[in-house]
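To keep things clear, I will list the structure first and then write my remarks on it.
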There are 2 protein chains.
Amino acid sequence: MRRKVTLKQIAKELDVSISTVSRALNDSKEIGEETRQKIQAFAKFYNYKPNNIALSLKNRQTKTIGILIPEIVHHFFSTVIRGIEIVANQRGYNVIIGLSNESFSKEVINMEMLANGSIDGFILSISKETLLRQDYHHFKETISQGIPIVMFDRVVNDIDCDKVIVDDFKGSYTAVKKLISYGCKNIALITTMDYVSVGKLRTQGYLQALEDGKIHAKGSLILKLDDGLALEEHLDILETEIEKFFKRNKQIDAIFAVNELYAVTAMKVARKLDFKIPEDIQIIGFTDGVLSKHARPSLTTLSQHGQKMGEEAAHLLIDRLQQDHDEEEDEVFDFERDMNFRTVVIETELIERESTK
Amino acid sequence: MRRKVTLKQIAKELDVSISTVSRALNDSKEIGEETRQKIQAFAKFYNYKPNNIALSLKNRQTKTIGILIPEIVHHFFSTVIRGIEIVANQRGYNVIIGLSNESFSKEVINMEMLANGSIDGFILSISKETLLRQDYHHFKETISQGIPIVMFDRVVNDIDCDKVIVDDFKGSYTAVKKLISYGCKNIALITTMDYVSVGKLRTQGYLQALEDGKIHAKGSLILKLDDGLALEEHLDILETEIEKFFKRNKQIDAIFAVNELYAVTAMKVARKLDFKIPEDIQIIGFTDGVLSKHARPSLTTLSQHGQKMGEEAAHLLIDRLQQDHDEEEDEVFDFERDMNFRTVVIETELIERESTK
DNA sequence: TTGTAGGCGTTATCAG
DNA sequence: CTGATAACGCCTACAA
């Protein structure tokens, strides 16, 4: 087992100083052609590669991005990660992942852990528990320590950072409008509790579309489901809830669901109750994932373009990191710094499949 | 923006030496009770946290694990990551992710990148291209540099490292046996090209089960599909291929597919051709994912227990890291080191749903 | 009990 | 053109 070779070792072997070796390998101009050749050849032979950790310490930047998400076994989030990773790699960054598992304390711990030098900046989506408690001190603290954050999808307004969101309102609005244009009159909404911002916005889009379509919104046609039901072990309860909802509201002729699990489950229930899709009931779900594509019939959905979101987020973060780094050298002071935080809105896209017509 | 406070700053403020501060914060016994109190209070007030990078450099260990996988938008892999992350966090490690995107060169580059000090060890699943080229020099090199590797799912034998695999052979065997016991006579196999080890083993399990069931295996009942077809943009081709296969073999009464996409697609085709499931055709897929659970009818599958695999892999790696670390202190020499690499086999589990009876 | 010095691997600044 | 020195932030053996 031969350990990685260091500058020091090369220096000793070749009987020159460490700085000479460093210069030769960095193609400094102030070095003799001969020594350079010799050192470079030697280094290549021993497969020398500079130690990232030492570089990080010296340069005060790790060239790695911390990703903090609620859950990884989730099509949308993994799509976002893929987008981040692609851009990060292109631009010379690595990616380190922390999972909050929707828990406030895990989010805080992970964040503090990574903030202690491991990463240059964060890309994150807020956990549900955090959203519920509305306790954002860890974000603020991190930012005040000079570590920039980019939030995506689940964001809150009063944090000074760049954001990448989808136009939840407009997306829902478009979807529901589409249903109306297809002649639906009793459009139900299946959604989550309001504290998740995206849930709220999607509900608002639904309401606005109804209003503009001159359809009176009825509270009875809105089903707010507890998040816990999305867990695998509670799928049957979810199904039962939706079934009861259907039985309470036999007039339903369309469903707009704020995520694909609700959409697919609603479809299952509808078929069980002998509704024909899309003849009797049309369905649209938010979030385009595997389930929607492969459902029978396949589901019309709003695509969130997760990968695109990830890419945008990564660009925003790295742009800011590099800007900060440049300014540091120029000794720019806080008060003259450009703190214009940007919010990038990714357009949703209605992908029409078999569940509407 | 107040930057993170360091030992040095605290030392200056309190007019003591850096080492005193360090000792006070590490609860060293050789320190005055009074000074300790003072320093700890001060540090707490300024929210001092040691810099991970500096610690990594000093301790020559980063306390982070590198995960290298072919693809993240994939239920199985993300499940494994979740397992790794849980154990890693429990045991004080972070997790950094590299994606090979099934490409050999990206795998090599990512590995070299991370091997330069960023991580203590790897957990990985080999990319298809690497498997195809059978070029494993980067793994061997990494290992010879003293960085341990744990491979999962897609592994190769001639690499000295711990491994976590599922019993592909036994799993397939069980599944096909089950189909036979349900009275199926013409059991088709839908699989991938042989170079992915798991594909090969699953095929062998299929053949063995037929043999033991006194059923003559027919080459015409085995469909080997090109991997490219699994890509989203080629789903229709995949469907066409399977449909042609069906039409060539009208006698098929059961299908065993080596992944869930093939299984679900086969089911789609079967229904399109007016076969009743499970009455006319029974179907079992390898890999239990979202698709199988939510398909109509739901699919009987072999679960790979991805999270469990991740957890096992993380334990294997961290155990070895800690062993290496201990031995380093005791100056154990290579030749007296315990190089017994372990291979943990995770049992697959047949989850019976509606596609069999 | 506290301080000094050296080192982890690298780069940058200053002399020579 | 090359070498010594300091520094990034931390820990620790040794000295006082």
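Here is the naming used below: chain letters follow the sequence lines, and residue numbers restart at 1 for every chain.
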>> Counting only side-chain nitrogens and oxygens, does A/Thr20 get under 4.0 Å of the OP1 or OP2 atom of D/dG3?
In response: yes
> Between C/dA15 atom C1' and A/Glu30 atom CD, what is the distance in whole Å?
Replying inline: 12 Å
> From D/dG3, D/dC8, C/dT11, pick the nucleotide closest to the side chain of A/Arg23?
Replying inline: D/dG3
> When you measure from the side chain of B/Asn26, which nucleotide among D/dG9, D/dC11, D/dT2 comes out closest?
Replying inline: D/dC11
> Between D/dG9, C/dG9, D/dT2, which nucleotide gets closest to the side-chain atoms of B/Arg60?
Replying inline: C/dG9
> Under 4.0 Å between a side-chain N/O of B/Lys4 and OP1 or OP2 of D/dG9, yes or no?
Replying inline: no
>> Checking the side chain of A/Asn51 only, and the main-chain atoms of A/Ile53 only, is there a donor and an acceptor separated by less than 3.5 Å?
In response: yes
> Is there a donor-acceptor pair under 3.5 Å between the side chain of B/Glu107 and the backbone N or O of B/Ser127?
Replying inline: yes
> Is it true that A/Lys106 and B/Glu85 make a salt bridge, defined as a side-chain N closer than 4.0 Å to a carboxylate O?
Replying inline: yes
>> Taking 4.0 Å as the cut-off, does a side-chain nitrogen or oxygen of A/Lys58 come that near to OP1 or OP2 on C/dC8?
In response: no
> What's the CD1-C1' distance between A/Ile18 and D/dG3, to the nearest Å?
Replying inline: 11 Å
> Has B/Thr35 got a side-chain N or O lying under 4.0 Å from the OP1 or OP2 atom of C/dT2?
Replying inline: yes
> Reckon B/Tyr48 has a side-chain N or O less than 4.0 Å from the OP1 or OP2 of D/dG9?
Replying inline: no
>> Nearest to the side chain of B/Ser17, heavy atoms from C-beta on, is which of D/dC11, C/dT11, C/dG3?
In response: C/dG3
> Is the shortest distance from a Lys or Arg side-chain nitrogen in A/Asp120 or A/Arg320 to a carboxylate oxygen in the other one below 4.0 Å?
Replying inline: no
> Where the side chain of A/Leu57 is defined as all heavy atoms beyond and including C-beta, which of C/dC8, D/dC8, D/dA4 is the nearest nucleotide?
Replying inline: D/dC8
> What nucleotide, of C/dC8, C/dT10, D/dT2, holds the atom closest to the side chain of A/Ile31?
Replying inline: D/dT2
>> So, does B/Ser22 get its side chain near the phosphate of D/dC11, meaning an N or O under 4.0 Å from OP1 or OP2?
In response: yes
